[in-house]
Asker: 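This is the structure I have questions about; it appears just below.
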2 protein chains.
Amino acid sequence: MASTRERIVTATAELFRRNGYTGTGLKQIVGRAEAPFGSLYHFFPGGKKQLGAEVIREAGLPYAALFDIYIASADDLVAGIEQAFAGAGETLVETDYADACPIATVALEVASTDDGLRRATAEVFEAWLATGTEACSTFGLSREAARALAIATVTSLEGAFVLSRSLRSTEPLDAAGATVAARARELLSTSAGSARHPRG
Amino acid sequence: MASTRERIVTATAELFRRNGYTGTGLKQIVGRAEAPFGSLYHFFPGGKKQLGAEVIREAGLPYAALFDIYIASADDLVAGIEQAFAGAGETLVETDYADACPIATVALEVASTDDGLRRATAEVFEAWLATGTEACSTFGLSREAARALAIATVTSLEGAFVLSRSLRSTEPLDAAGATVAARARELLSTSAGSARHPRG
DNA sequence: TAAGTTCTAGATAGATCGCTCTAGTGAGAG
DNA sequence: CTCTCACTAGAGCGATCTATCTAGAACTTA
């Protein structure tokens, strides 16, 4: 069994993802984590805010690896993007439209209400964009084009999650994937650099 | 002064937009609306859920008109899309990154927790997509292409709002606008139909 | 005027919120 | 063995949550 601290973080991340920050209670967290209430304030003396900030970072940062899995290691940039959106759609359906972005709900909740938590979400998004820019720039795109495409990928995924979860349909995710793919083709065609994988 | 019911709806919409559903208390609502607590349950006997559902619809549906303003009445589809994203960015900056989508935060909060409220958000998004599809199809796009572009517009806006509010920057909104514009050009170029505005 | 309806007004209930507090447990160090 | 300290355990605090309740004001209609 994982350590108490780990169980608290994991349980909080799961509850934040589904119920958001204000929708998640501390009693609910320790209940799901099977942890004593006192342990929560032992590990997170700053209370809910400290726990929230650490969960945002610990749950969010690992998702940057998806850029490596889907984009950086793909033979074709456009195909990699399409597979990323398809994979997101599969996860969404498998979890009954519950597990999408780990921090999006919290990010919107705290954007105008708590600057400390907002900064935590901003750090995660910036980390994703940095990894995404790196992944995209290996295909011969300029730094600016790679960052633009990374932003397009993340924003389209986030927005598609909003609509797909609300409509309970992967149609928004499909349309968003096609849109980012179009942008990738456009940026590749105007790129002066050579594609990394013109032929394996 | 607006009617008590109207003041309650307006105040709730403003609070939902910034603080979300669970982050908004009924006392807070009647306080801002300058309405007696009893009136809230007089007009909304179903309590917070009924109020929430009606606010989602009443606050969300009018935004469909933005498709008419920015897209349907534009001379050029791509330019209209770019102006829509630029306008969203201006609003965001003017309101200190607070006023973005009126229902996005609530939509994510309730997607997996309350099916009645989820359906209310789904109705609003579908209404937007219907208006958006109508607006895009006047430029000679097929029904499928017009709907794909409408979805791309809404999802990109929603996702860009998430990142822009978190990062406190319009960069995501700019990149998202360029992405949807690229998709519009692609769909227009492969469209068999004739553009509505090839020349005034 | 009288009766009836709509809306205002807010006290209050019962549950839950984040958080603090004290007490106890258990493993490793000296 | 004893001391120490990290951790467990949960009762309970004041505040706030949604919701209910009664009472009265204001307006409409007979």
Side-chain angles (χ1 to χ4, degrees), chain A residues 1-56 58-59 105-106 109-110 112-118 120-121, chain B residues 1-56 58 105-106 109-110 112-118 120:
Chain A
M1 180 125 113
S3 74
T4 302
R5 198 201 123 100
E6 284 169 349
R7 294 201 314 276
I8 290 174
V9 169
T10 302
T12 306
E14 292 169 357
L15 290 166
F16 275 7
R17 190 199 288 259
R18 289 173 172 76
N19 308 331
Y21 181 78
T22 52
T24 300
L26 297 183
K27 295 250 165 68
Q28 196 181 0
I29 289 170
V30 297
R32 172 181 273 246
E34 298 184 70
F37 195 87
S39 296
L40 195 156
Y41 274 86
H42 171 73
F43 291 111
F44 305 95
K48 192 182 186 183
K49 286 186 182 181
Q50 183 190 351
L51 171 61
E54 298 200 20
V55 165
I56 288 166
E58 290 186 33
T105 309
V106 175
E109 281 181 288
V110 305
S112 301
T113 60
D114 189 302
D115 208 58
L117 293 173
R118 179 194 66 76
T121 66
Chain B
M1 180 127 110
S3 74
T4 302
R5 198 200 122 101
E6 285 169 348
R7 295 201 313 278
I8 290 174
V9 169
T10 302
T12 306
E14 292 169 355
L15 291 166
F16 275 7
R17 191 198 287 258
R18 289 173 172 77
N19 309 331
Y21 181 80
T22 53
T24 301
L26 298 182
K27 290 251 167 66
Q28 197 181 359
I29 289 170
V30 296
R32 172 182 275 246
E34 297 183 72
F37 195 86
S39 296
L40 195 156
Y41 275 87
H42 170 74
F43 292 111
F44 305 95
K48 192 180 186 183
K49 285 186 183 182
Q50 182 189 350
L51 171 62
E54 298 200 20
V55 165
I56 288 166
E58 290 186 33
T105 309
V106 176
E109 281 182 288
V110 305
S112 301
T113 59
D114 188 301
D115 207 58
L117 293 173
R118 179 193 65 77

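Only this structure's heavy atoms are used, side chains among them; waters, hydrogens and symmetry mates stay out. Here is how names work: the chains are called A, B, and so on, in the same order as the sequence lines, proteins then strands, and each is numbered from 1.
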Asker: Hey, could you give me the NE2/OG1 distance between B:H42 and B:T4, rounded to the nearest 0.5 Å?
Answerer: 9.0 Å
Asker: Within the 4.0 Å heavy-atom criterion, would you say B:Y41 contacts the bases, only the backbone, or no part of the nucleic acid?
Answerer: base
Asker: So if I apply the side chain to side chain contact (heavy atoms under 4.5 Å, CB included) rule between B:Y41 and each of B:F44, B:F37, B:F43, which one comes out positive?
Answerer: B:F37
Asker: If you check every side-chain atom of A:P36, which of D:dT8, C:dT8, C:dC19 has the closest atom?
Answerer: D:dT8
Asker: Please give, in whole Å, the distance from C:dG18 C1' to A:L15 CG?
Answerer: 16 Å
Asker: Please report, rounded to the nearest Å, how far the P atom of D:dA9 is from the CD1 atom of A:I8.
Answerer: 11 Å
Asker: When you measure from the side-chain N and O atoms of A:S39 to the phosphate of D:dT8, is any distance below 4.0 Å, counting only OP1 and OP2?
Answerer: yes
Asker: Between C:dT6 atom P and B:H42 atom NE2, what is the distance in whole Å?
Answerer: 7 Å
Asker: Looking at every strand, decide which applies to A:G47 at a 4.0 Å heavy-atom threshold: base, sugar-phosphate, or nothing.
Answerer: sugar-phosphate
Asker: Of the nucleotides D:dA19, D:dC7, C:dA9, which has the atom closest to the B:F37 side chain?
Answerer: D:dA19
Asker: Base, sugar-phosphate alone, or nothing: which one does A:G38 contact when heavy atoms must sit under 4.0 Å apart?
Answerer: base
Asker: Using only atom types and a distance under 3.5 Å, with no angle test, would you say the side chain of B:R7 pairs donor to acceptor with the backbone of B:E34?
Answerer: yes
Asker: Send over the distance from A:K49 NZ to C:dC19 P, rounded to a whole Å.
Answerer: 8 Å
Asker: Counting any heavy atom closer than 4.0 Å, what does A:S3 reach on the DNA or RNA strands: base, sugar-phosphate only, or nothing?
Answerer: nothing
Asker: Does C:dT8 have OP1 or OP2 sitting under 4.0 Å from an N or O in the side chain of B:T4?
Answerer: yes
Asker: Over all strands shown, is B:T24 touching base, sugar-phosphate only, or nothing at heavy-atom distances under 4.0 angstrom?
Answerer: sugar-phosphate
Asker: Let's see if you can work this out: which of D:dC7, C:dT12, C:dC7 has an atom nearest to the side-chain heavy atoms of B:K27?
Answerer: C:dT12
Asker: With a 4.5 Å heavy-atom cut-off, do A:K48 and A:L26 have their side chains touching?
Answerer: yes
Asker: For the pair A:E109 (side chain) and B:G20 (backbone), establish whether a donor and an acceptor sit closer than 3.5 Å, ignoring hydrogens and angles.
Answerer: no
Asker: Side chain of B:L26: nearest nucleotide among D:dT8, D:dA19, C:dA9?
Answerer: D:dA19
